[in-house]
**Q** 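First, the structure itself, so that you have it in front of you.
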Amino acid sequence: MPELPEVEALRVFLGDHLVGREIAGVLPLSVNVLKTYDPPPAALEGATVTSVDRHGKFLDIGAGPLHLVTHLARAGWLRWRDSFPAKPPGPGKGPLALRTVLTGGDGFDLTEMGSKKRLAVYLVHDPMDVPGIARLGPDPLAPDFDRDALAALLDGERRQIKGALRDQSLIAGIGNAYSDEILHAAKMSPFKRTADLDEDDISHLHAALRTTLEDAVARSSGIATGELKSEKRSGMRVHGRAGEPCPVCGDTVLQVSFSDSALQYCPTCQTGGKPLADRRTSRFLK
């Protein structure tokens with residue numbers, strides 16, 4: 001799933017390629033991709049793009065009074081096209097979900113692989129009209145997201161830190177991959193309880209969170225949209241690397257699997273050398 005660093009890179013790319021340009025048309029190609037119906041996509045025809053923003057994992061393209069908002073979900077992606085075939089594709093053909101064409105003939109496609117279609121597009125007057133945006137917590141790269149801000153968010157939480165980092169209503173933009181990377185950098189078990197974090201833990205976690213995300217954004221800067229996914233994978237130390245040596249200590253990266261996801265961690269760096277039980281009810285092995 002594209003997370004904050006990749007969506008931020010897309011925001012910068014689209015800002016460079018869209019702002020000041022006129023939209024010729026927006027064509028939904030997947031039955032379920034458009035989650036709003038009023039105003040219709042035709043309302044964007046002839047509109048000039050004025051801004052491109054990011055809200056957590058959401059992309060927000062502003063055009064006059066309207067906002068075309070996208071959440072790429074797990075298998076969605078944005079592909080820039082310098083030109084398009086003269087004949088538009090038929091609805092439901094392949095991975096194409098939505099096409100946006102500019103008056104210059106270029107534009108972008110939103111695509112989604114797989115049978116589970118979760119990519120979502122909204123056309124609204126206010127981004128806060130999108131339920132997923134309205135419930136977002138603070139952005140972890142915001143200037144005011146300091147160590148004390150993180151401490152305040154975690155105060156009163158009673159759950160595993162891995163789940164807390166992934167909760168979009170608590171902190172916006174972090175998903176499965178970067179939560180693994182942040183916890184590895186912080187040398188913290190993914191199953192450590194938030195209530196058990198001491199002052200030093202919070203300081204280490206905040207430093208790891210900012211460094212991990214800022215480094216990922218920097219690596220993605222200037223990378224072509226088609227190469228961002230491979231860049232993300234190449235920068236991972238533990239996520240997606242079960243069975244490989246930890247680049248810090250050399251121990252074998254282990255995995256805990258769940259019904260619809262998995263996490264990876266280094267026992268030596270994060271759990272005192274002890275493996276975590278690989279079952280849904282796993283708890284830190286003391």
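Because the structure is a prediction, the values reported are computed rather than measured.
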**Q** Can you tell if the side chain of K232 reaches within under 4.5 Å of the side chain of P5, non-hydrogen atoms only?
**A** no

**Q** Return the minimal non-hydrogen interatomic distance between A172 and G56, and the atom names on each side.
**A** CB-CA, 3.8 Å

**Q** Is there a side chain to side chain contact (heavy atoms under 4.5 Å, CB included) between K187 and V248? Walk through the geometry before answering.
**A** CA-CA 11 Å; K187 298 185 180 300; V248 174; 4.2 Å; yes

**Q** So how far is it from C266 SG to R241 CZ, rounded to the nearest 0.5 Å?
**A** 13.5 Å

**Q** Within a strict 4.5 Å, meaning less than it, do heavy atoms of the T268 and C246 side chains meet?
**A** no

**Q** Answer whether the closest heavy-atom distance between the side chains of W77 and M113 falls below 4.5 Å.
**A** no

**Q** Once rounded to the nearest 0.5 Å, what's the spacing between atom CG of L59 and atom NE2 of H71?
**A** 10.0 Å

**Q** Pick out which of P190, P140, S179 makes a side-chain contact (heavy atoms from CB on, under 4.5 Å) with L165.
**A** S179

**Q** Hey, does the side chain of Q168 reach the backbone of R166 with a donor-acceptor pair shorter than 3.5 angstrom?
**A** yes

**Q** Can you tell me how far apart CG (L68) and OH (Y122) are? Round to the nearest 0.5 Å.
**A** 12.0 Å

**Q** Could you list the residues that satisfy ring-ring contact (aromatic ring centres under 6.0 Å, His included) with H204, not counting sequence neighbours?
**A** none

**Q** Can you name the nearest heavy-atom pair linking H17 to L102, along with the distance?
**A** O-CD1, 4.1 Å

**Q** Hey, mind stepping through D180 and R237 against salt bridge (Lys or Arg N to Asp or Glu O under 4.0 Å) and telling me if it holds?
**A** CA-CA 9 Å; D180 281 352; R237 293 188 169 193; over 6 Å; no

**Q** Could you grab the distance from atom CG of L254 to atom CD of Q264, nearest 0.5 Å is fine?
**A** 10.0 Å

**Q** Side-chain contact, heavy-atom cut-off 4.5 Å: L10 with L72?
**A** yes

**Q** E244 versus V238: any side-chain heavy-atom pair under 4.5 Å?
**A** no

**Q** Show your reasoning for whether salt bridge (Lys or Arg N to Asp or Glu O under 4.0 Å) applies to E8 and R54.
**A** CA-CA 7 Å; E8 176 64 12; R54 177 184 59 79; 2.9 Å; yes

**Q** Is it true that atom CZ of R11 has more than 12 heavy atoms of other residues, nucleotides or ligands lying nearer than 6.0 Å?
**A** yes

**Q** So, do L170 and L154 sit near enough that their side-chain heavy atoms are less than 4.5 Å apart?
**A** yes

**Q** Measure the CG-OG1 distance between L276 and T271 for me, rounded to the nearest 0.5 Å.
**A** 5.0 Å

**Q** Looking only at heavy atoms, what is the nearest atom pair of D198 and D201, with distance?
**A** OD1-N, 2.7 Å

**Q** Could you walk me through whether L78 and T70 pass side chain to side chain contact (heavy atoms under 4.5 Å, CB included), step by step?
**A** CA-CA 10 Å; L78 184 148; T70 300; over 6 Å; no

**Q** Are V7 and F58 close enough, and set up right, to give a side chain to side chain contact (heavy atoms under 4.5 Å, CB included), and what steps lead you there?
**A** CA-CA 7 Å; V7 179; F58 290 83; over 6 Å; no

**Q** Please report the shortest heavy-atom distance between T194 and R158, naming the atom on each side.
**A** OG1-N, 3.5 Å

**Q** So which heavy atom on P245 is nearest to which on V253, and how close?
**A** C-CG2, 4.3 Å

**Q** Are the side chain of D155 and the backbone N or O of A152 linked by a donor-acceptor pair below 3.5 Å?
**A** no

**Q** Flag the pair E112 / V33 as yes when at least one side-chain heavy-atom distance between them is below 4.5 Å, and no otherwise.
**A** no

**Q** Report the C-alpha separation of L66 and I61 in whole Å, then their side-chain angles, then the decisive distance to 0.1 Å, and conclude whether the side chain to side chain contact (heavy atoms under 4.5 Å, CB included) test is met.
**A** CA-CA 8 Å; L66 299 178; I61 299 172; over 6 Å; no

**Q** Under a single-linkage rule joining Ile, Leu, Val, Met, Phe, Trp and Tyr whose side-chain heavy atoms are separated by less than 4.5 Å, which residues share a cluster with Y37?
**A** none

**Q** Applying the 4.5 Å side-chain criterion to the ILVMFWY set and letting contacts propagate, would V121 and L136 be lumped into a single cluster?
**A** no

**Q** Calculate, to the nearest 0.5 Å, the distance between atoms CD1 and CG belonging to I161 and D196 respectively.
**A** 11.0 Å

**Q** What orientation do F258 and F191 show, parallel under 30°, tilted 30 to 60°, or perpendicular over 60°?
**A** perpendicular

**Q** Can you confirm whether V12 sits close enough to V52 that some side-chain heavy atom of one is under 4.5 Å from a side-chain heavy atom of the other?
**A** no

**Q** Closest heavy-atom contact between L123 and P40?
**A** CD2-O, 3.2 Å

